[in-house]
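Model, not experiment: these values are computed from the prediction. Order of the sequence lines sets the chain letters (A, B, ...), proteins ahead of strands, with each chain counted from 1.
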Amino acid sequence: MESGTIPAETIPGALDLGATLESGQSYFWNRADGRMYDGEDSRGESPWYWTVHRDEVIRVRQSGGGVEWESTTDAEPALRDLLGLEDDLDAIIEATPSDELIDAAYESYRGLRIVRDPFFPCLISFICSAQMRVARIFAMQTALREAYGEAIETDGETYHAFPTPAQLAAASEADLRELKLGYRAPYVQRTAEMVADGEADPADAEGLPYEEARKYLTQFVGVGEKVADCVLLFSLGYLEAVPLDTWIRSTIEEHFPECDRGSYAETSRAIRERLGGQYAGYSQTYLFHYLRNGGGD
DNA sequence: ATCCAGGATGTAT
DNA sequence: ATACATCATGGA
């Protein structure tokens, strides 16, 4: 077992691991204590989070402005990518147009970073996200891991990796409905099959211009424009992607009504420009987290 | 009970 | 292209 710390001085800008991992952008990490995020509890011990990445358990927790980690091999390079630690947060905020609401969101949760989750878990989790609350999306991913993912023993504890495309493709729709996925069950099964069979490959999307990449991802079953934007933003590094979910739509209606252009594509372009263009997804994610926790009321 | 949650799909217009 | 009903589940 190796361990180490990624010091704050090597991270451009602040880091808030709790906000990053429990803001509803990632379902790839799990709190070891099983509790849910409470934006208030900055007191006491920082909670540990774990995931299974490339067949290895990685555990992390906040340490000052940095990250303390444990794994079987050096996890720092992977964590720098997965947790968005290379993003120059100060520069991103500096490049964002000033606005009362946006500024309040950035100030409230400074240190929240956009994750780069592995593609397949991210894709499946956001297919599951349709008409679901954050807590239940986490529950669905846990159910999928424990039912179909490889079990890994580390330090006398059992961790389950997220299932591979082939493992999920082998499940039946009925199996997945038993895990309470509801009408998303066939979407998950068919998309897992598409990925397992190589019908569509995320590697083909990665080089594409943003809107073409979004179009590419909608070929997966259960993936519309909104879910595609989530995958582009939270997995593939398209920081300009602005997922138009119910929260941001109501914000557009109340706060940026001139950006409502009717269609998803046109409204997306308008709000993307209003939020600063290339890093618009950062603002969207801060706003989502801020509003969902009662900010702006 | 009714409404809603990080929406997508199939069908009719 | 856009409008609408339908799709499960659980918490408020």
When you check every protein heavy atom under 4.0 Å of nucleotides 6-12 of chain C, what one-letter string (B, S, -) results, 5' to 3'?
-BBBBB-
Would you mind classifying the nucleic acid contact of A/G24 as base, sugar-phosphate or nothing, using non-hydrogen atoms under 4.0 angstrom?
base
Please confirm whether the backbone N or O of [Y] pairs with a side-chain atom of [X], one donor and one acceptor, at under 3.5 Å?
X	Y	result
A/T267	A/D260	no
A/E150	A/D55	no
A/Y282	A/L239	no

Nearest-angstrom distance from the residue atom [atom1] of [X] to [atom2] of [N]:
X	N	atom1	atom2	result
A/N293	B/dA5	CG	P	15 Å
A/W247	B/dA5	CH2	C1'	9 Å
A/I124	B/dA8	CD1	P	14 Å
A/R261	C/dT2	CZ	P	14 Å
A/Y27	B/dA5	OH	C1'	11 Å
A/K215	C/dA1	NZ	C1'	11 Å
A/F288	B/dA5	CZ	C1'	10 Å
A/I137	B/dC4	CD1	C1'	13 Å

Under 3.5 Å, side-chain donor or acceptor atoms of residues 61-69 of chain A against the rest of the protein: list the pairs with distances, not counting sequence neighbours.
{"from": "A/R61", "atom 1": "NE", "to": "A/E68", "atom 2": "OE1", "distance (Å)": "2.9"}
{"from": "A/R61", "atom 1": "NH1", "to": "A/E45", "atom 2": "OE1", "distance (Å)": "3.1"}
{"from": "A/R61", "atom 1": "NH2", "to": "A/E68", "atom 2": "OE1", "distance (Å)": "3.4"}
{"from": "A/Q62", "atom 1": "OE1", "to": "A/L17", "atom 2": "N", "distance (Å)": "2.7"}
{"from": "A/Q62", "atom 1": "NE2", "to": "A/L15", "atom 2": "O", "distance (Å)": "2.9"}
{"from": "A/Q62", "atom 1": "NE2", "to": "A/G64", "atom 2": "O", "distance (Å)": "2.8"}

A/T246 side chain N/O closer than 4.0 Å to the phosphate oxygens (OP1, OP2) of B/dG7?
yes
Between B/dT11 and C/dA8, how far apart are the P atoms? Round to whole Å, please.
15 Å
C/dA3 versus B/dA5 - spacing of their C1' atoms, nearest Å:
22 Å
Could you go through residues 213-220 of chain A and list every donor-acceptor pair under 3.5 Å that involves a side-chain atom there, pairing it with any protein atom two or more places apart or in another chain?
{"from": "A/R214", "atom 1": "NH1", "to": "A/Y210", "atom 2": "OH", "distance (Å)": "3.2"}
{"from": "A/R214", "atom 1": "NH1", "to": "A/D229", "atom 2": "OD2", "distance (Å)": "3.4"}
{"from": "A/R214", "atom 1": "NH1", "to": "A/S268", "atom 2": "OG", "distance (Å)": "3.3"}
{"from": "A/Y216", "atom 1": "OH", "to": "A/D201", "atom 2": "N", "distance (Å)": "3.0"}
{"from": "A/Y216", "atom 1": "OH", "to": "A/D201", "atom 2": "O", "distance (Å)": "3.2"}
{"from": "A/Y216", "atom 1": "OH", "to": "A/D204", "atom 2": "OD2", "distance (Å)": "3.2"}
{"from": "A/T218", "atom 1": "OG1", "to": "A/K215", "atom 2": "O", "distance (Å)": "2.6"}
{"from": "A/Q219", "atom 1": "NE2", "to": "A/Y216", "atom 2": "O", "distance (Å)": "2.9"}

How about A/E253: does its CD atom have over 12 heavy atoms from other parts shown lying under 6.0 Å from it?
no
Within a 6.0 Å radius of atom CZ on A/R190, are there more than 12 heavy atoms belonging to other residues, nucleotides or ligands?
no
The dot-bracket string of DNA chain B, counting Watson-Crick and G-U wobble pairs with both distances under 3.5 Å, using [ ] for crossing pairs and | for pairs to another strand, is .||||.|||||||
Only counting residues at least two apart or in another chain, list the ones meeting side chain to side chain donor-acceptor pair (under 3.5 Å) with A/R116.
A/D87
Do the side chains of A/S235 and A/L123 get nearer than 4.5 Å, heavy atoms only?
no
So which atom in A/I58 and which in A/W29 form the shortest heavy-atom distance, rounded to 0.1 Å?
O-CZ3, 3.8 Å
Interatomic spacing from CZ in A/F126 to CD1 in A/I124 - rounded to 0.5 Å
12.5 Å
Can you pull out the residues from residues 224-244 of chain A that lie within a 4.0 Å heavy-atom distance of DNA chain C?
none
Quick one: do A/R59 and A/E157 satisfy salt bridge (charged side-chain N to carboxylate O under 4.0 Å, His left out)? Show the steps, please.
CA-CA 12 Å; A/R59 303 197 335 131; A/E157 300 216 33; over 6 Å; no
